[in-house]
Amino acid sequence: MDDFKNLNWRFRLGVQFACAVGLAAFGVRITLFGPFTHPLLGGAVTVLWIVGLTNAFNMLDNMDGLAASVGLIAAVLFCGPQLAVGSLFAPAVLLVVVGALAGFFGTQPLSRAALHGRCGKQLPGFMLGTLTVVGTFTRDERDGYFSPYGVLAPLLVMAVPLYDMTSVILIRLREGRSPFKAIAGILAPAGSARLTPPQAVWTIDLVTLAGGLGALLLHRLDGWGAGVVIAQTCCLLGVVAILELSAPRSEQANGQTSCEKHRPLSNPNSRTTQRRDQHGAAVD
């Protein structure tokens with residue numbers, strides 16, 4: 001429905017929260033450790049995680065093939081640590097997601113491989129968010145040594161989408177504009193480095209892969225090892241932030257963010273881009 005009628009962002013966000021709350025109510029909840037084992041706390045974190053990833057992928061789809069390729073990398077990386085601790089159901093479904101996204105690239109060239117419509121952009125984030133909650137990233141030590149730091153694997157794998165969403169929200173709030181209107185964000189590194197759109201997509205994909213590879217080891221690492229892996233991912237995000245901040249200030253001379261300046265990098269024939277051209281700053 002949203003692909004044919006421009007629904008209000010409040011309604012869309014309400015539907016997302018309703019779906020996430022429904023999952024939590026039926027037992028699909030994040031299981032935390034120590035004093036954070038209360039079902040209400042786990043349910044609240046679950047809702048925020050699923051809704052956050054859904055919107056993170058919505059905001060990330062500002063270049064052809066970016067959201068799909070990041071989703072493909074994330075789905076593959078999520079399979080590894082879950083299989084390592086004996087989880088089978090979630091990795092099996094994740095492989096279906098991998099096949100769907102890989103098949104998507106197989107039917108469309110990279111230059112036209114933008115996820116179509118808002119539903120197409122939000123579905124990978126919703127699926128990955130749900131499957132990370134359903135899956136298992138660590139086990140009880142009685143079954144062998146499995147580090148509790150394995151539960152941090154989803155944060156490492158999703159570091160780039162979460163960083164992009166956070167930067168969009170902070171930039172929008174700083175400018176006094178709604179963070180729910182007009183997607184923007186991580187395109188700034190592409191503009192500052194003068195990369196072509198495919199080169200920018202591959203660069204962000206490599207950052208996603210490099211930052212998420214440490215998730216494959218977290219279930220076996222102690223505190224120091226986990227800290228090193230997390231620091232490595234933070235350093236990669238720092239490089240992205242430096243590239244983003246190094247964008248020429250002249251790009252914002254007329255109140256236009258660097259992300260909006262490069263928005264035409266999206267597929268001009270896609271339904272989302274056509275609606276954005278017609279209505280200006282589209283609500284995504």
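Here, residue 1 is the first one in the sequence, and each next residue gets the next number. What you see is a predicted model, and the numbers here were worked out from it, not measured in a lab. Just the heavy atoms: all of them, side chains too, but no hydrogens, waters or symmetry mates, feed the values below.
Put simply, the side chain of Leu53 reaches to within 4.5 Å of the side chain of Leu162, judged on heavy atoms. Using a 4.5 Å heavy-atom threshold, the side chains of Val160 and Ile204 count as touching. Between Val51 and Leu13, the closest side-chain pair of non-hydrogen atoms falls below 4.5 Å. Side-chain contact between Leu95 and Cys79 is present, with heavy atoms from C-beta onward closer than 4.5 Å. Inter-residue side-chain proximity for Phe78 and Phe137 is flagged as met; some heavy-atom pair is nearer than 4.5 Å.
The side-chain contact (heavy atoms from CB on, under 4.5 Å) test with Leu209 singles out one residue from Leu77, Val76, Val157, and that residue is Leu77.
Of all the heavy atoms in Pro161 and Val70, the pair that sits closest is CG-CG1, 3.8 Å. Heavy atoms only, all atoms of each residue included: Ala84 and His219 are closest at CB-NE2, 3.4 Å. The shortest non-hydrogen separation linking Gly150 to Pro154 is O-CD, 4.3 Å. Heavy-atom minimum distance, Leu128 versus Ala74: CD1-CB, 4.1 Å.
Sorted by first and then second residue, the side-chain hydrogen bond (donor to acceptor under 3.5 Å, both in side chains) pairs involving residues 124-135 (not counting sequence neighbours) are Trp49-Thr132.
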Side-chain donor-acceptor contacts of residues 228-240 below 3.5 Å, not counting sequence neighbours, with atom names and distances?
{"unit_1": "Thr233", "atom_1": "OG1", "unit_2": "Gly211", "atom_2": "O", "d": "2.9"}
{"unit_1": "Thr233", "atom_1": "OG1", "unit_2": "Val229", "atom_2": "O", "d": "3.4"}

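The side-chain contact (heavy atoms from CB on, under 4.5 Å) check on Val45 picks up Ile30, Leu32, Leu41, with sequence neighbours excluded. Residues passing the side-chain hydrogen bond (donor to acceptor under 3.5 Å, both in side chains) test with Thr208: none are found, sequence neighbours excluded. Taking the side-chain hydrogen bond (donor to acceptor under 3.5 Å, both in side chains) definition, one finds that Ser69 meets it with Asp205, sequence neighbours left out.
Taking Ile, Leu, Val, Met, Phe, Trp and Tyr as members and joining any whose side-chain heavy atoms lie under 4.5 Å apart, directly or through other members, the hydrophobic cluster of Leu88 also contains Leu83.
Expressed to the nearest 0.5 Å, how far CD1 of Ile50 lies from CE of Met127 amounts to 11.0 Å.
Hydrophobic clustering, with ILVMFWY side chains joined whenever heavy atoms are under 4.5 angstrom apart, keeps Val96 apart from Val134.
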